[in-house]
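Encoded as structure tokens, the structure appears first; notes follow it.
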Amino acid sequence: MKVAFFDTKPYDKPAFELYGGQNGVDFKFYETKLNEDTASLADGCDAVCVFVNDTVNVAVIDKLYDMGVKLVALRSAGYNNVDIEHAYGKIHVVHVPAYSPYSVAEHTMALLLTSVRRIHKAYIRTKDFNFSLNGLTGFDLHGKTVGVIGTGKIGSIFIDICRGFGMNVIAYDKFPRQDTEIRYVELDELFRSSDIISLHCPLTSETRHIIDAEAIAKMKKGIVVINTSRGALIDAEALLSGIKARKIGAACLDVYEEEADIFFQDFSGHIFSDDILARLISMPNVIVTSHQAFLTEEALDNIAKTTVDNILSYFDGDGVCDNELCYRCGNIEECKKGKKQKCF
Ligand code: NAI
């Protein structure tokens, strides 16, 4: 079985070579991202393996389909970069629904603590033998209200962590969990009552720019905004304006709206062309990590193992894979997964 593996990074290879080698899956590793110009690299392959910044749009899907590629295996949970509606009937899509929700939830708390206790400033100071405390005053998390948007796997774990810190938790979810004590509120109330807001929902047409100028206007002065989900959940220009107006107290960003051509690459020594990101990074109260929240040994191992299992279960036997997804998933009348069938 041949699989074209796009956007390969050095940390991807060991686990994929291990599990691929053990199971007869021959990964062809390409550093380039998948897009219309590079799709031809998958010629002769049974499947492509893609990550969050590969483009799987109408044109790419049509090219892959014409070349006989049967499967898009996402090595991520999110799939907003795949036009799953267009893929329906042509190419099956599988993803890794959970590989370590702890990795992302823990990174979220790491960003929050770093920000509110000014660890990022202190680290640089003490490296320079500057032991002054001036300007490093933080605040206690205990007793503060955190508003969590999206209470799925990652959001729920982040809530548990916050409770461990003695924080009050409120949450908003379009599909609230029934099996929990979580206090759900309307989005407006969450914006108005929270000291800290953390995003853990997927990027959809409904959630795009869920934090925009209007939402920021409703928030408390000094609000801390954390995004470890998808960049376009926040209108970055509105965020920057909120910071400049001193309405937003701090922002912790692991994702950025325009990250696709920036994150995972080294631009040190180059003239950096994204003015909004450059301005955000220049702010003392903004911390940016480059889509790093997932990056733990446990997560990388689980991603490789599940991706290889997804590929094997699709090509072996009846081709039914629990981790297949399509635009009908979750629709009670149309969804075939409940009947243990392929999506199409
Ligand atoms: P999940 O599917 O378990 O949870 C998502 C939650 O969002 C669900 O409870 C769902 O009901 C809710 N939701 C859906 N539409 C909504 C809406 N319109 N408004 C409010 N809530 C809505 O997903 P999981 O595993 O918790 O992941 C959350 C997000 O984290 C993913 O969508 C992905 O974008 C991001 N992620 C980021 C990573 C990183 O490295 N920074 C790694 C993995 C995931």
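Because the structure is a prediction, the values reported are computed rather than measured. As the structure lists them, so they are numbered: ligands from 1, and atoms in each ligand from 1.
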Indicate yes or no: does an N/O atom of [X] lie under 3.5 Å from an N/O atom of ligand 1?
| X | answer |
| --- | --- |
| Gly152 | yes |
| Lys153 | yes |
| Phe294 | yes |
| Asp254 | yes |
| Ile154 | yes |

To the nearest 0.5 Å, how far apart are OH in Tyr102 and CD in Glu298?
->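 That separation rounds to 11.5 Å.
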State the CG-CG distance between Leu41 and Asp37, to the nearest 0.5 angstrom.
->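 Leu41 CG to Asp37 CG: 10.0 Å, rounded to 0.5 Å.
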Pairwise side-chain contact, Val60 with Leu34, heavy-atom cut-off 4.5 Å (strictly under) |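 They are in contact (side-chain heavy atoms under 4.5 Å apart), so the answer is yes.
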Heavy-atom check, side chain of Ile159 versus side chain of Ile182, under 4.5 Å |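 Counting from C-beta outward, Ile159 and Ile182 do come under 4.5 Å.
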Of the side chain and backbone of [X], name the one, both, or neither that has a heavy atom under 4.0 Å from an atom of ligand 1.
| X | value |
| --- | --- |
| Tyr99 | side chain |
| Thr207 | side chain |
| Asp173 | both |

For this output row, return yes or no: ring centroids of [X] and [Y] closer than 6.0 angstrom.
| X | Y | value |
| --- | --- | --- |
| His107 | Phe294 | no |
| Tyr79 | His95 | yes |
| Tyr30 | Phe5 | no |

Which residue holds the protein heavy atom closest to [atom], what is that atom called, and what is the gap in Å?
| atom | value |
| --- | --- |
| atom 33 (C) of ligand 1 | Arg230 NH1, 3.7 Å |
| atom 14 (C) of ligand 1 | Pro202 CD, 3.6 Å |
| atom 28 (C) of ligand 1 | His200 O, 3.4 Å |

Would you check whether Ser229 reaches within less than 4.0 Å of ligand 1, judged by its heavy atoms?
->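 Flag set, Ser229 near ligand 1.
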Gly78 touching ligand 1 at heavy-atom level, < 4.0 angstrom |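 It does not, in that no heavy atom of Gly78 comes within the 4.0 Å cut-off of ligand 1.
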So if you build clusters from Ile, Leu, Val, Met, Phe, Trp, Tyr with side-chain heavy-atom gaps below 4.5 Å, do Leu233 and Leu280 land together?
->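 As far as the 4.5 Å side-chain criterion goes, Leu280 and Leu233 are connected within one cluster.
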For atom 37 (C) of ligand 1, decide whether some protein heavy-atom distance is shorter than 4.0 Å.
->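 So atom 37 (C) of ligand 1 has protein heavy-atom neighbours under 4.0 Å.
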Can you tell which of Leu253, Val52, Thr151, Thr228 gets a heavy atom nearest to atom 41 (N) of ligand 1?
->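 Minimum heavy-atom distance to atom 41 (N) of ligand 1 goes to Thr228.
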Tyr314 and His92: ring pair (Phe, Tyr, Trp, His ring centres under 6.0 Å), yes or no, with the steps?
-> CA-CA 9 Å; Tyr314 176 77; His92 294 262; 5.1 Å; yes
Under 4.0 Å between a Lys/Arg side-chain N and an Asp/Glu carboxylate O for Arg183 and Glu189?
->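 Salt bridge: yes.
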Using a strict 4.0 Å cut-off to heavy atoms of [X], name the atoms of ligand 1 that fall inside it.
| X | answer |
| --- | --- |
| Val104 | 38 (C), 42 (C), 43 (C) |
| Lys174 | 16 (C), 17 (C), 18 (N), 19 (N), 20 (C), 21 (N), 22 (C) |
| Tyr172 | 19 (N), 20 (C) |

Minimum heavy-atom distance between Cys45 and Val69, given as atom pair plus value |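 So the minimum-distance heavy-atom pair works out to O-CG2, 3.7 Å.
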